[in-house]
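Here is the structure we will look at.
Given the structure is predicted, the values throughout are model-derived calculations rather than measurements.
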Amino acid sequence: AQAILVGTSAAGSKPSRAQDIGRCTGVALRPSSAMTGQASELERGPADESEGKGCAATRWSSPRLGLVAVAAVLVGAVAVSVAVLARRGSGRKTTLPSPSRVAPAPHPVAVDAVEGRYDTVDQDGARIPADGEVRLYFVGGSNVAWQTWPDQLHSYLRKLNFTVPEENYSHADLTFPEELAPVCDDEAEFQALRTPRIARPGWGSWGFAYDSRDDCVAAPFVGEAKGEHPFRTIAGHAVSCLNGWACNPHKDQHLDLVRPSDVVEDAALADVVLLSTWVNDFKQQYCDYKCFNGTELDPEAIAPVSVANLRRLIQAISARNPAAFIVVIALYPDAQQTLLVEETLGKIAAINAAVREGVSTEPNVAFVDFELAPGQDMFQVKPPGHPNCRGDRIMATQVMRALFDRGVLGRALALPEGEQARECLRATSCGAIVEKACCQAAASCRVDPDGVCVAYSAGEGSL
């Protein structure tokens, strides 16, 4: 049991031969003290340009290590089988995490506060002092299932000496990203963390805003299914009462609801609730506006729909837990492959401004916007349009800074301001960056455990 570790090697470190085996099997091996002398007996066959062939060429010269490898694979298979049964029992189909994303075993260690690693800012009188507890709860679509920004935020808080307790949330369906999320350079620093979230890929904001369909009215549907299907009027527009991508009645999730009454049951235990439920409201052009029953709505018409649904959920959370601070995450830029589309930045800014204004009347709410670096790989290719590890790190740092600026946190990463912030965001020569605050703001850089500014990739699998 001591020899088995599900996970990845530390960022920037050369993988051991045992970890090379893990790359092929999905299970990495770590020799125990009793095996240290044996570990060198692992050999690889001739190098090959194909990763698959390289894996096939791996061989064992030690029967003992061969048995350990078999045991590791069997343990991984059992873990995956248990996960399958658990998800089947939940009555909801969810992408099964790859073996590298199954709960690490046996006792992985997250990287906590390291004195001097980061440049930080502190303030007195915050709701949560620098050594206090921060209970996080996330609700959203694919952006909390297929991205790592919730986990990176969790990791940063711990590294800045906050405690992030593991609450017993009843309705969270994920605690770590699904397999579609990229594997980040620094994933070893947050792989052991559990960050609860409600994640519904493909859903619009209306799927998180209503406890029932009592106000829905049957109407002829222009989508794949013939006949009549339920719609309700939101901000003067017909919006489907079905959920999932394209509000398709043939999909398994179409009758599911994320009821605000369920969300608030969990949110009652949280200090900070982060909402990213409305991104897909502005992706309806990719499914012929079927959730609006085929009516092509422009962004100015969709924004009031998003605001109405967000406010319903926000008000439900605040009624149950008035002390909870609620963060609404901004819509991210359009993407063309891995790059942001600069031509539509003005449109995205206008949408964010409208939603920001719409939720600004609610108490204890912050709308968190962020800027991504043009001309750099900032988005995943599969799934398309989702920020990669670089984008997620920017999102996490901006959320933390917003919580600091609103007096919620007593400590945050120091970030440059004004024109310097723009220059640092775009910086790519990480080794030439002198100020840590600039490195912390650079999309393609990060501060490593030694306090050195190093390159930060888009993440394995994102390209």
Side-chain angles (χ1 to χ4, degrees), residues 108-115 117-140 143-144 147-172 174-177 186-187 189-199 263-276 313-314 317-318 320-330 362-368 370 392-415 440 447:
V109 178
V111 175
D112 288 328
V114 177
E115 187 69 28
R117 175 175 180 179
Y118 296 108
D119 187 6
T120 61
V121 288
D122 288 70
Q123 63 182 347
D124 296 326
R127 292 191 193 184
I128 304 173
D131 59 350
E133 294 185 345
V134 187
R135 294 169 175 82
L136 302 173
Y137 194 66
F138 299 81
V139 185
N143 38 74
V144 300
Q147 293 180 226
T148 64
W149 67 270
D151 313 276
Q152 295 204 44
L153 174 61
H154 184 171
S155 180
Y156 273 130
L157 290 172
R158 288 177 59 110
K159 293 171 190 173
L160 297 190
N161 210 38
F162 292 98
T163 299
V164 184
E166 290 190 21
E167 291 295 330
N168 187 25
Y169 295 121
S170 301
H171 300 284
L174 283 179
T175 58
F176 201 68
D186 54 350
E187 182 161 307
E189 297 187 20
F190 58 81
Q191 185 185 24
L193 304 181
R194 292 294 163 260
T195 309
R197 64 202 86 181
I198 294 179
V263 173
V264 302
E265 183 179 330
D266 284 346
L269 305 174
D271 298 303
V272 180
V273 181
L274 301 102
L275 305 180
S276 187
L313 182 54
I314 290 169
I317 294 170
S318 297
R320 179 67 179 272
N321 183 3
F325 194 85
I326 300 170
V327 173
V328 177
I329 304 297
E362 301 297 330
N364 282 342
V365 174
F367 185 91
V368 177
F370 50 90
D392 284 343
R393 196 177 65 78
I394 295 299
M395 292 172 67
T397 57
Q398 291 301 320
V399 168
M400 183 166 45
R401 188 54 190 253
L403 293 173
F404 180 86
D405 290 343
R406 291 294 298 269
V408 177
L409 299 180
R411 175 175 295 162
L413 292 178
L415 299 174
Q440 290 162 184
V447 179

- Message: One pair to check against side chain to side chain contact (heavy atoms under 4.5 Å, CB included): Phe370 and Ile329. What are the steps and the verdict?
- Response: CA-CA 9 Å; Phe370 50 90; Ile329 304 297; 4.0 Å; yes
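- A donor-acceptor contact shorter than 3.5 Å is absent between the side chain of Gln147 and the backbone of Asp392.
- Using a 4.5 Å heavy-atom threshold, the side chains of Pro196 and His154 count as separate.
- Classification of the Phe190-Phe176 ring pair by plane angle, with boundaries at 30° and 60°, yields tilted.
- Considering every non-hydrogen atom in both Val272 and Val134, the closest pair reads CG2-CG1, 4.2 Å.
- Summarising the geometry, atom CG belonging to Asn161 is positioned 13.5 Å from atom NZ belonging to Lys159; distances are rounded to the nearest 0.5 Å.
- Taking CG of Asn143 as the reference point, atom OG1 of Thr148 lies at 12.0 Å (rounded to 0.5 Å).
- Side-chain contact between Val144 and Trp149: present, with at least one pair of heavy atoms (C-beta onward) separated by less than 4.5 Å.
- Glu362 has its side chain out of reach of Ser318: every pair of non-hydrogen atoms, C-beta onward, lies at least 4.5 Å apart.
- Nearest heavy atoms, Ala324 versus Ala270: CB-O, 4.0 Å.
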- Could you go through the side chain to side chain contact (heavy atoms under 4.5 Å, CB included) check for Ile128 and Leu403 one step at a time? CA-CA 10 Å; Ile128 304 173; Leu403 293 173; over 6 Å; no
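- At least one donor-acceptor pair closer than 3.5 Å links the side chain of Arg117 to the backbone N or O of Val447.
- Under the 4.5 Å side-chain criterion, counting only non-hydrogen atoms from C-beta, Val139 is in contact with Tyr137.
- By the 4.5 Å heavy-atom criterion applied to side chains, Met400 and Leu160 are counted as neighbours.
- Taken to the nearest 0.5 Å, the CG atom of Asp151 stands 9.0 Å off from the CZ atom of Arg194.
- With hydrogens and angles disregarded, no donor-acceptor distance shorter than 3.5 Å links the side chain of Asp266 to the backbone of Tyr169.
- Expressed to the nearest 0.5 Å, how far CG of Asp119 lies from CD of Gln440 amounts to 5.5 Å.
- Residues Glu189 and Arg393 are not paired through a salt bridge, judged by the lack of any N-O separation under 4.0 Å between the basic side chain and the carboxylate.
- Of the possible polar contacts, none joining the Arg127 side chain to the Arg406 backbone as a donor-acceptor pair under 3.5 Å is found.
- When every heavy atom of Asp122 is checked against every heavy atom of Ala130, the shortest pair comes out as OD2-CB, 4.1 Å.
- Atoms CG and OG1, from Leu415 and Thr120 in turn, are 11.0 Å apart once rounded to the nearest 0.5 Å.
- Across all their heavy atoms, Ala414 and Val121 have their closest contact at CB-CG1, 3.9 Å.
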- Task: Might you work through the side chain to side chain contact (heavy atoms under 4.5 Å, CB included) test for Ile326 and Leu313, ending with a clear yes or no?
- Result: CA-CA 10 Å; Ile326 300 170; Leu313 182 54; over 6 Å; no
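- Ala402 and Val368 get closest at one heavy-atom pair: CB-CG2, 3.6 Å.
- A distance-only check finds no donor-acceptor pair linking the side chain of Asn321 to the backbone of Val264 [under 3.5 Å].
- Sorted by first and then second residue, the pairs that involve residues 128-140 and meet salt bridge (charged side-chain N to carboxylate O under 4.0 Å, His left out), not counting sequence neighbours, are Glu133-Arg135, Arg135-Glu167, Arg135-Asp271.
- Contact of the Leu193 side chain with the Val164 side chain is not registered, since no non-hydrogen atoms from C-beta on lie closer than 4.5 Å.
- Leu274 places a side-chain heavy atom less than 4.5 Å from the side chain of Leu153.
- Gln152 contributes atom CD, which lies 10.5 Å from atom OG1 of Thr195 (distance to the nearest 0.5 angstrom).
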- Message: Using side chain to side chain contact (heavy atoms under 4.5 Å, CB included), reason through Phe367 and Val365 one step at a time and then give a plain yes or no.
- Response: CA-CA 7 Å; Phe367 185 91; Val365 174; 5.9 Å; no
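- Minimum heavy-atom separation, Glu265 to Ser170: OE2-OG, 3.7 Å.
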